[in-house]
Amino acid sequence: ARSFRLAEQFANAAVRNGIAATVADDDTGFNANGPATMTMWALGRGADALQLEIARNLRSVRADPERRTALLRALVQVFGD
C-alpha cells in the first residue's frame, strides 16, 4: 500500500512538473505483481518498493535539458527528504 502511494505521489509530482506519468495497475494491463519483479522481491523482504520506467526521450543525453530537470525536480520533491 505504501509503495502504491509513493507511485501516486511521484506520478502527481511528475505531472505538476510537465512530465506525463501514470501508475501501472490492473487497469493499465501492467501491474508488476509477478513473482520475478524487483518490486515483489523487495516487498517480500519488508521494504517499500517502487519501479520507475523512464522513457528514452527523458533519459538520453540528447534529451531536452528542461525536461530532464523537470523529471529530477519531481524525483526530489517526492524522495528528497
Side-chain angles (χ1 to χ4, degrees):
R2 176 167 158 74
S3 296
F4 191 78
R5 284 193 307 273
L6 282 173
E8 288 180 323
Q9 288 173 357
F10 173 73
N12 291 334
V15 169
R16 283 194 308 271
N17 283 282
I19 301 295
T22 189
V23 176
D25 57 17
D26 291 334
D27 293 335
T28 64
F30 182 79
N31 58 23
N33 285 335
T37 66
M38 289 303 298
T39 300
M40 294 306 287
W41 179 85
L43 290 172
R45 286 158 177 75
D48 292 325
L50 178 67
Q51 182 173 335
L52 298 174
E53 294 288 334
I54 301 172
R56 183 177 185 187
N57 66 353
L58 282 174
R59 68 178 192 263
S60 168
V61 295
R62 294 184 181 101
D64 177 2
E66 289 183 24
R67 290 182 43 77
R68 287 187 306 196
T69 300
L71 175 64
L72 289 172
R73 191 178 307 117
L75 287 165
V76 169
Q77 288 170 356
V78 176
F79 303 107
D81 289 336

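Numbers here are sequence positions counted from 1.
- Taking CH2 of Trp41 as the start and CG of Leu43 as the end, the distance is 11.0 Å to the nearest 0.5 Å.
- If you chain together ILVMFWY residues whose side-chain heavy atoms come under 4.5 Å of each other, Val61 ends up in a group of its own.
- When all heavy atoms are compared, the tightest approach of Ala63 to Leu58 is CB-O, 3.8 Å.
- Minimum interatomic distance between Val23 and Ala11 (heavy atoms only, all atoms of both residues): CG2-CB, 3.9 Å.
- Considering only residues two or more places apart in sequence or on other chains, Ala42 meets the side-chain contact (heavy atoms from CB on, under 4.5 Å) condition with Ala47, Ala49.
- Linking Ile, Leu, Val, Met, Phe, Trp and Tyr residues whenever their side-chain heavy atoms come within less than 4.5 Å leaves Ile54 and Val15 in two separate clusters.
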Acceptor/donor pairs from residues 69-78 side chains to any protein atom, 3.5 angstrom cut, sequence neighbours excluded:
unit_1, atom_1, unit_2, atom_2, d
Thr69, OG1, Pro65, O, 2.8
Arg73, NH1, Asn17, OD1, 3.2
Gln77, OE1, Asn17, ND2, 3.0

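- Here side-chain hydrogen bond (donor to acceptor under 3.5 Å, both in side chains) pairs that include residues 55-64, with residues two or more places apart or in two chains, number zero.
- Side-chain heavy atoms closer than 4.5 Å link hydrophobic residues (I, L, V, M, F, W, Y) into clusters, and following such links, possibly through other members, connects Leu52 to Ile19.
- Listed by chain and number, the residues in a side chain to side chain donor-acceptor pair (under 3.5 Å) with Glu53 are Gln51 (sequence neighbours excluded).
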